[in-house]
Protein chains: 2
Amino acid sequence: MHNPFIQISGSKRSLHVQVAREIARKILSGEVAQNEIIPSEMVLCEQFSVSRTALREAIKLLTSKGLLESKPKVGTRVKSRDNWNFLDAQLLDWVIDLGDNAFVYQEFLALRKAIEPEAAALAAQNATAQQRILLSATFQQMDYVSKNFDAAQWMEVDMEFHRLVFLSTGNSFYLPFANVLCTMFKSFISHSSEKGGTCIGEHRAIYSAIMAGDAEKAREANKRLLSTTNHRLPTSN
Amino acid sequence: MHNPFIQISGSKRSLHVQVAREIARKILSGEVAQNEIIPSEMVLCEQFSVSRTALREAIKLLTSKGLLESKPKVGTRVKSRDNWNFLDAQLLDWVIDLGDNAFVYQEFLALRKAIEPEAAALAAQNATAQQRILLSATFQQMDYVSKNFDAAQWMEVDMEFHRLVFLSTGNSFYLPFANVLCTMFKSFISHSSEKGGTCIGEHRAIYSAIMAGDAEKAREANKRLLSTTNHRLPTSN
DNA sequence: TCAATCGTTATTATATGATAATTACAAGGG
DNA sequence: CCCTTGTAATTATCATATAATAACGATTGA
């Protein structure tokens, strides 16, 4: 049923995504400069040994994320960096694959500090009954894992907890952070504290405040969590 | 072959974007339910009277924004709402076109309150010399327009000002907000105060703090701006 | 009866080639 | 000098064919 032999890493994706990934790498790394015109479709088709269909779908994908822009007669131009949508999980994944991750992690932390306390506050106000149940169940697991510590399991529950906070805000614009956060967590396994003891306390404070509907407490608790200096830098893979 | 009479408004965009927009409308409005399988490619091709190429590019575009997911034999499924990337300018544009804008505006304001003060603080710390020049020039215009008030011009400079703040953070994850903000501003012309007098004061405070490199002042000034109750609700168009 | 295996088939994925639309650029006319 | 117009390069769209995928039912063997 499941063939264990063809488990090539990451090549399960469709062809146009593989091509897009490769072009994205060149753009994100600066190998291809901003505002530069990339080679024409036919040339790229030969370079990647794919059909025009696959290549064009790749270009369309990158266009959608703000990396490229195509015009007849002109060609396909790399857009300037301020148009790249870094709040897109797939693009973020490509960025992480570049390997310059310590800096990305710092930038992301700066974003979390702005957005997560507010998200916690909104969640305290707006979480539905079902979302509170999910959050409760997740915190139970979190509590358990913190006592029987396992790095991989902790990443999983920690990710799920913060993800649920974003989903519980009831605000459309906070939703995308859930996926972005998941992408970051999965990439930086060792992001959290080694001694889960201190972290679980902060998480409990957030959890309790949300369940109690206390927005201000939730906000402050989340601020404290992100202020703790035990956010380790990612191990460069 | 192309009928010039069916020049739908704003149909200058390419065909696959028009198709994507129409499918997106159905998804965002709930006309097509989440997790539902949409009709097969051939059926949709007939519905929209476009080739498979155009239709597939439309589907790929929506897939990229988290609205759809395709699998052979299964079909194309509408993904659940938490996967929709509302922090994508194009998707946001489609959302705005639905017309339920007062709520969207409130949600966006809640996001701005979280993110913009921090962005101002970061800009105060990290803005480059060139960015300070741009910011300075923009505030000059802002000051002028506030004295010779014109709604459209004010929207333009106001948008540009806040856009520059995001670009000046030096943080990749803050960049996308610039485009999202622009999309919102362009849609809600009458978002700002009628009496520009009070607003210009807050803007000046933000501007001065950033130029002085005072992160804390910039943050607080931006908070004050967003706390003012003169953010009018958008006129439903 | 049940479980595993194996075709069948519907659907998307990819390839290929042809035609249309767009527009930068150069050439020509006023 | 400006405006128009023609040319050519590039992407946009169309049409058709073949391959890959995986759900589903049929078959088989115990």
Side-chain angles (χ1 to χ4, degrees), chain A residues 1-8 10-23 27 32 35-79 90, chain B residues 1-8 10-23 27 32 35-79 90:
Chain A
M1 173 170 279
H2 191 279
N3 191 337
F5 291 99
I6 44 174
Q7 282 292 338
I8 305 167
S11 75
K12 205 186 145 199
R13 282 180 279 266
S14 56
L15 190 52
H16 78 270
V17 175
Q18 295 178 46
V19 174
R21 183 193 190 82
E22 180 56 21
I23 298 177
I27 295 173
V32 181
N35 302 316
E36 190 174 309
I37 300 279
I38 67 176
S40 72
E41 288 180 348
M42 273 199 301
V43 175
L44 289 175
C45 284
E46 288 186 2
Q47 263 187 37
F48 291 107
S49 304
V50 296
S51 70
R52 264 192 77 201
T53 307
L55 182 89
R56 280 180 58 78
E57 284 178 354
I59 288 179
K60 285 281 147 50
L61 178 56
L62 297 175
T63 301
S64 166
K65 299 188 187 307
L67 269 62
L68 294 176
E69 187 177 37
S70 295
K71 276 185 193 172
K73 168 69 183 177
V74 177
T76 300
R77 183 183 302 275
V78 178
K79 296 204 79 177
Q90 194 172 26
Chain B
M1 203 59 187
H2 190 286
N3 191 335
F5 292 99
I6 43 175
Q7 285 288 343
I8 309 163
S11 74
K12 203 184 151 204
R13 282 181 279 266
S14 57
L15 189 52
H16 77 270
V17 176
Q18 295 177 47
V19 174
R21 183 192 190 82
E22 180 55 22
I23 298 177
I27 294 173
V32 181
N35 302 316
E36 190 175 311
I37 299 280
I38 67 175
S40 72
E41 287 180 348
M42 272 200 299
V43 174
L44 289 174
C45 284
E46 289 187 1
Q47 262 188 37
F48 291 107
S49 304
V50 298
S51 70
R52 265 193 75 201
T53 307
L55 181 88
R56 280 181 57 80
E57 284 178 353
I59 288 178
K60 284 283 146 51
L61 178 57
L62 297 175
T63 301
S64 165
K65 299 188 187 310
L67 269 63
L68 293 177
E69 186 177 37
S70 295
K71 277 186 192 172
K73 171 68 184 177
V74 177
T76 301
R77 184 183 301 275
V78 178
K79 297 204 79 177
Q90 194 172 27

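A, B, ... follow the sequence lines: proteins, then strands. Residue 1 opens every chain. Computed from a predicted model, the values in this text were never measured in an experiment.
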Intermediate values then yes/no, side-chain contact (heavy atoms from CB on, under 4.5 Å), A:Ile23 and A:Phe48:
CA-CA 10 Å; A:Ile23 298 177; A:Phe48 291 107; 3.7 Å; yes

Please step through side-chain contact (heavy atoms from CB on, under 4.5 Å) for the pair A:Ile38 and A:Leu68, ending with a clear verdict.
CA-CA 9 Å; A:Ile38 67 176; A:Leu68 294 176; 4.3 Å; yes

Report, one pair per line, the protein and nucleotides 3-5 of chain D atoms (nitrogen or oxygen only) whose separation is under 3.5 Å.
none

Pull out every protein N or O sitting under 3.5 Å from an N or O of nucleotides 25-27 of chain D, one pair per line with the distance.
none

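Judged by distance alone, the side chain of B:Arg77 and the main-chain N or O of B:Ile37 form no donor-acceptor pair under 3.5 Å.
Here B:Glu36 pairs with B:Val32, B:Ala33 under the side-chain contact (heavy atoms from CB on, under 4.5 Å) rule; sequence neighbours left out. Taking the side-chain contact (heavy atoms from CB on, under 4.5 Å) definition, one finds that A:Pro39 meets it with A:Val43, A:Leu44, A:Gln47, sequence neighbours left out. Residues passing the side-chain contact (heavy atoms from CB on, under 4.5 Å) test with A:Glu69, sequence neighbours excluded: A:Lys79. For A:Glu22, the side-chain hydrogen bond (donor to acceptor under 3.5 Å, both in side chains) partners at least two apart in sequence or on another chain are A:Arg25. Listed by chain and residue number, A:Leu61, A:Leu67, A:Asp88, A:Gln90, A:Leu91, A:Trp94, B:Ser64 satisfy the side-chain contact (heavy atoms from CB on, under 4.5 Å) test with A:Lys65 (two or more places apart in sequence, or in another chain). The side-chain hydrogen bond (donor to acceptor under 3.5 Å, both in side chains) search around A:Ser70 returns A:Thr76, not counting sequence neighbours.
Listed by residue number, B:Ser40, B:Glu41, B:Arg52, B:Arg56 are the residues of residues 40-58 of chain B with a heavy-atom contact under 4.0 Å to DNA chain C. Residues of residues 62-75 of chain A that place a heavy atom closer than 4.0 Å to DNA chain D, in numerical order, are A:Ser70, A:Lys71, A:Pro72, A:Lys73, A:Gly75.
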Return all side-chain donor-acceptor pairs below 3.5 angstrom for residues 52-59 of chain A, not counting sequence neighbours, or 'none' if the list is empty.
{"from": "A:Arg52", "atom 1": "NE", "to": "A:Glu41", "atom 2": "OE1", "distance (Å)": "2.8"}
{"from": "A:Arg52", "atom 1": "NH2", "to": "A:Glu41", "atom 2": "OE1", "distance (Å)": "2.6"}
{"from": "A:Arg56", "atom 1": "NE", "to": "B:Glu57", "atom 2": "OE2", "distance (Å)": "3.4"}
{"from": "A:Arg56", "atom 1": "NH1", "to": "A:Glu41", "atom 2": "OE2", "distance (Å)": "2.5"}
{"from": "A:Arg56", "atom 1": "NH2", "to": "B:Glu57", "atom 2": "OE2", "distance (Å)": "3.3"}
{"from": "A:Glu57", "atom 1": "OE1", "to": "B:Lys60", "atom 2": "NZ", "distance (Å)": "3.4"}
{"from": "A:Glu57", "atom 1": "OE2", "to": "B:Arg56", "atom 2": "NE", "distance (Å)": "3.4"}
{"from": "A:Glu57", "atom 1": "OE2", "to": "B:Arg56", "atom 2": "NH2", "distance (Å)": "3.3"}

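In this structure, the CG atom of A:Leu15 is 11 Å from the P atom of D:dT21, given to the nearest Å.
Summarising the geometry, atom CE belonging to A:Met42 is positioned 5.5 Å from atom OG belonging to A:Ser40; distances are rounded to the nearest 0.5 Å.
Phosphate contact (OP1/OP2 of C:dA13, side-chain N/O of A:His16, threshold under 4.0 Å): absent.
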